[in-house]
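This report concerns only the one structure given below.
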Amino acid sequence: MRIAIVSGKDEGPTKLNAFDNALTDAGIGDVNLIKVSSMLSGNCEIEKLPKLKPGAMVNCVLSEITSDNPGDEITAVIAVAIGEELGCVVETNGINEDLNELTEEAKMMVEYMMESRGVKIKDFIIKSSTTTVDQTASVVASVIYLNDNIIEG
């Protein structure tokens, strides 16, 4: 199994446009995202996000949050733990919450998932996106499940 971990943030004239712009900033704005649960195969490989085929149906775990309250600090966090047998992904987000606390929450959740399955963590990655809202903003952090059918070229 191959994955890419991405994040993005942007503003827009509406909540939908801000979300779309944040997806585009993350490199996943031109595909259809299919939210899946949080499991990875063992010894999963993490790659840089390749160019995806426009309109492709792409499986992902997605953390996102949007606000139209100027001054809000919004944060999306994704945490990935990979072991030999399997891996787990968690997502969390917050408005006006401390980034370190959100990161610790994500770390605790993914460690618990792995521990409850009796799997030792080999690789651990956290990715986040934070911005302060000007008018209407969105942030995203996502694990993208890669396969040759969705990659352009």
Side-chain angles (χ1 to χ4, degrees), residues 1-12 14-29 31-50 52 57-147:
M1 176 178 278
R2 300 166 13 227
I3 62 170
I5 305 170
V6 299
S7 64
K9 59 187 173 187
D10 210 343
E11 292 264 340
T14 68
K15 286 183 176 183
L16 177 66
N17 295 127
F19 177 60
D20 181 58
N21 290 342
L23 291 173
T24 300
D25 184 51
I28 53 175
V31 298
N32 296 293
L33 298 175
I34 303 166
K35 287 177 124 181
V36 298
S37 63
S38 53
M39 302 311 297
L40 302 171
S41 66
N43 292 320
C44 182
E45 296 179 20
I46 301 170
E47 301 179 4
K48 182 179 175 190
L49 182 70
L52 302 176
M57 305 300 279
V58 178
N59 292 328
C60 72
V61 176
L62 179 67
S63 175
E64 55 90 10
I65 193 161
T66 302
S67 173
D68 59 1
N69 186 28
D72 275 352
E73 183 175 82
I74 56 175
T75 302
V77 179
I78 201 108
V80 178
I82 300 171
E84 287 187 24
E85 299 87 4
L86 61 84
C88 295
V89 181
V90 300
E91 73 278 351
T92 192
N93 60 53
I95 298 177
N96 299 320
E97 293 188 43
D98 182 74
L99 174 60
N100 291 331
E101 289 179 15
L102 288 170
T103 299
E104 281 302 312
E105 175 186 36
K107 182 177 186 241
M108 181 275 304
M109 289 189 295
V110 79
E111 286 175 343
Y112 176 85
M113 289 175 70
M114 295 290 279
E115 182 180 310
S116 70
R117 290 168 170 79
V119 179
K120 183 178 177 187
I121 298 172
K122 287 182 16 184
D123 293 311
F124 183 80
I125 303 97
I126 292 183
K127 189 145 186 134
S128 64
S129 183
T130 300
T131 195
T132 301
V133 178
D134 182 32
Q135 294 182 354
T136 303
S138 186
V139 292
V140 299
S142 184
V143 169
I144 303 298
Y145 292 74
L146 300 173
N147 67 66

Test log, rule side-chain contact (heavy atoms from CB on, under 4.5 Å), inputs Ser138 and Lys9: CA-CA 6 Å; Ser138 186; Lys9 59 187 173 187; over 6 Å; no
Are [X] and [Y] close enough that some pair of their side-chain heavy atoms sits under 4.5 Å apart?
X	Y	answer
Glu115	Ile121	no
Thr66	Ile74	no
Asn69	Ile95	no
Ile28	Val58	no

When rounded to the nearest 0.5 angstrom, what distance separates [atom1] in [X] from [atom2] in [Y]?
X	Y	atom1	atom2	result
Leu146	Asn59	CG	CG	10.5 Å
Ile65	Phe19	CD1	CZ	12.0 Å
Ile82	Leu40	CD1	CG	6.0 Å
Tyr145	Ser41	OH	OG	9.0 Å
Leu86	Asn43	CG	CG	10.5 Å
Ser67	Lys15	OG	NZ	6.5 Å

Heavy-atom pair of closest approach, residues [X] and [Y]:
X	Y	value
Ala106	Thr92	CB-CG2, 4.1 Å
Val140	Ala26	CG2-CB, 3.9 Å
Ser38	Val61	CA-CG2, 4.2 Å
Met113	Val90	SD-CG1, 3.3 Å
Ser142	Cys60	OG-CB, 3.6 Å

Begin from the C-alpha positions of Ile144 and Ile3 and carry the test side-chain contact (heavy atoms from CB on, under 4.5 Å) through to its verdict. CA-CA 5 Å; Ile144 303 298; Ile3 62 170; over 6 Å; no
Using the rule given for side-chain contact (heavy atoms from CB on, under 4.5 Å), can you reason through Thr136 versus Thr14, listing the C-alpha separation, both sets of side-chain angles and the distance that settles it, and then say yes or no? CA-CA 6 Å; Thr136 303; Thr14 68; 5.8 Å; no
According to salt bridge (charged side-chain N to carboxylate O under 4.0 Å, His left out), does anything in [range] pair up with another residue at least two apart or in another chain? List the pairs.
range	result
residues 95-111	Lys107-Glu111
residues 68-94	none
residues 38-50	Arg2-Glu47

Check whether any side-chain N or O of Asn93 sits under 3.5 Å from a backbone N or O of Glu64 as a donor-acceptor pair, and report yes or no.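 Pair found, side chain donor or acceptor close to backbone of Glu64.
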Are any side-chain N or O atoms of Asn21 and backbone N or O atoms of Asn17, one a donor and one an acceptor, separated by less than 3.5 Å?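 Such a contact is found between Asn21 side chain and Asn17 backbone.
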So, using side chain to side chain contact (heavy atoms under 4.5 Å, CB included) as the criterion, who are the partners of Pro70 when residues are at least two apart? none
Under the side chain to side chain contact (heavy atoms under 4.5 Å, CB included) test, which residues partner Met108, sequence neighbours left out? none
Distance-only criterion, 3.5 Å: show the donor-acceptor pairs between side-chain atoms of residues 124-134 and protein atoms not counting sequence neighbours.
{"residue": "Ser129", "atom": "OG", "partner": "Gly8", "partner atom": "O", "Å": "2.9"}
{"residue": "Thr130", "atom": "OG1", "partner": "Thr75", "partner atom": "OG1", "Å": "3.1"}

